[in-house]
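Below, chains carry the letters A, B, ... as their sequence lines are ordered, and counting in each starts from 1.
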2 protein chains.
Amino acid sequence: MRDEEAGLIFRFFNEVGIIEQLSRTMLEARLPHGFLASHFTVLNHLTRVKDGQTPLAMARAFQVPKTTLTHTLAGLEKAELIEMRANPADGRSKCVWLTEAGKAFRQDAISGLTSDMAGIAEQIGVERMADALPLLTDIRTYLDKARD
Amino acid sequence: MRDEEAGLIFRFFNEVGIIEQLSRTMLEARLPHGFLASHFTVLNHLTRVKDGQTPLAMARAFQVPKTTLTHTLAGLEKAELIEMRANPADGRSKCVWLTEAGKAFRQDAISGLTSDMAGIAEQIGVERMADALPLLTDIRTYLDKARD
DNA sequence: TGACATTAGTACGACATCGCACTATATAGT
DNA sequence: ACTATATAGTGCGATGTCGTACTAATGTCA
């Protein structure tokens with residue numbers, strides 16, 4: 001493969017890394033003190049996808065080690081934004097449920113982000129991002145499969 | 001702004017976050033034990049852009065706190081992949097220079113990554129990534145300016 | 001020039017991430 | 001049913017990240 005192509009792929013992932021950092025900082029600025037993007041991500045996932053998932057299923061969805069998720073969930077449970085219940089279908093496992101406070105927490109965070117989102121929509125254009133989304137999904141899917 | 005648009009922007013940054021995680025893991029699998037993506041990123045930047053930059057300039061380029069970079073540079077210096085010298089133009093500051101070992105380290109890492117890159121190029125297509133790169137750069141630039 | 005504000009880098013502490021090892025439960029093979 | 005293997009979750013330790021506070025050097029403005 002040509003150096004030019006390799007360099008382009010490098011720059012692509014480089015930009016992705018910086019955007020991840022900046023967008024995470026932007027999100028965390030809208031969260032109450034002591035909460036991180038990882039907490040929001042869990043609440044958002046439980047809302048968007050479904051309640052009652054197991055920690056391991058979520059760890060796979062986020063591509064993080066399960067020990068990392070244990071820690072994140074402990075923080076959310078302590079703040080009473082989620083509840084951990086036994087999994088009736090598997091004694092080893094647990095299910096994670098949102099509390100009312102957890103739902104409200106997520107909604108508040110999203111409300112606080114609307115001005116940020118509006119700025120992005122105006123300056124970048126939602127359509128351009130929508131056009132690029134399938135590419136990102138393809139790359140994510142490929143990288144996920146490639147890691148054996 | 002419509003919920004649909006906000007949701008799309010959310011999904012965009014969500015994919016970016018997961019890709020960052022997966023690509024970092026892929027890179028770190030190709031580095032000698034004990035070295036992280038942050039180390040490679042510094043060596044790569046010094047090679048691609050220029051030697052002799054100050055730590056602060058690099059922290060800004062990567063959008064990380066300067067304390068984080070201090071730690072990363074300490075690791076690289078201990079491994080003798082970089083040299084820190086006084087900045088003749090500013091007594092408070094230092095300049096970071098690659099050593100021969102540092103240049104070789106980077107080249108080895110890149111060599112190890114070629115098969116990964118080839119897989120991406122084949123499965124995703126370099127052209128699609130090239131087409132999306134300007135969008136990523138625009139988003140990165142906007143987020144950088146928006147954080148005041 | 002002198003007083004004050006600003007900036008580069010670092011020491012330190014708090015905490016998030018993550019690998020390893022362990023327990024409890026479930027599954028497979030006989 | 002019994003044994004061996006695999007899986008879900010967690011405790012613990014190591015280390016990376018980053019905020020705060022500090023020192024040294026520079027810039028500013030009267």
Same apolar cluster (I L V M F W Y, side chains within < 4.5 Å links), B:Val49/B:Val96: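 Each belongs to a different hydrophobic cluster.
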Path from A:Leu46 to A:Leu36 over hydrophobic side-chain contacts below 4.5 Å: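 In one cluster: no.
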How long is the line joining [atom1] of [X] and [atom2] of [N], in whole Å?
X: A:His71; N: D:dG11; atom1: NE2; atom2: C1'; result: 13 Å
X: A:Leu56; N: C:dT25; atom1: CG; atom2: P; result: 18 Å
X: B:Arg24; N: C:dA16; atom1: CZ; atom2: C1'; result: 12 Å

Touch class at under 4.0 angstrom, heavy-atom based, for A:Thr70 against every strand present: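 Base, at least one base atom sits under 4.0 Å.
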Touch class at under 4.0 angstrom, heavy-atom based, for A:Asp90 against every strand present: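 Sugar-phosphate: the residue A:Asp90, judged by heavy atoms under 4.0 Å, touches backbone atoms but no base.
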N/O donor-acceptor pair under 3.5 Å between B:Thr72 side chain and B:His39 backbone: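 A pair under 3.5 Å: no.
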No-H, no-angle donor-acceptor pair, A:Lys66 side chain to D:dG9 base, under 3.5 Å: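 Answer yes: a donor N or O sits under 3.5 Å from an acceptor.
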Test of ring centre spacing under 6.0 Å for B:Phe105 and B:Phe40: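 Ring-ring flag for B:Phe105/B:Phe40: false, centres at least 6.0 Å apart.
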Under 4.0 angstrom between A:Thr67 side-chain N/O and D:dT10 OP1 or OP2: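 No, A:Thr67 has no side-chain N/O under 4.0 Å of OP1/OP2 on D:dT10.
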A:Thr54 vs D:dA8: side-chain N/O to OP1/OP2 distance below 4.0 Å: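 No.
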Given DNA chain C, 5'-ward residue of the pair B:Arg92 and B:Gln21, judged by closest heavy atom: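 Taking each residue's closest nucleotide, the earlier one in sequence belongs to B:Arg92.
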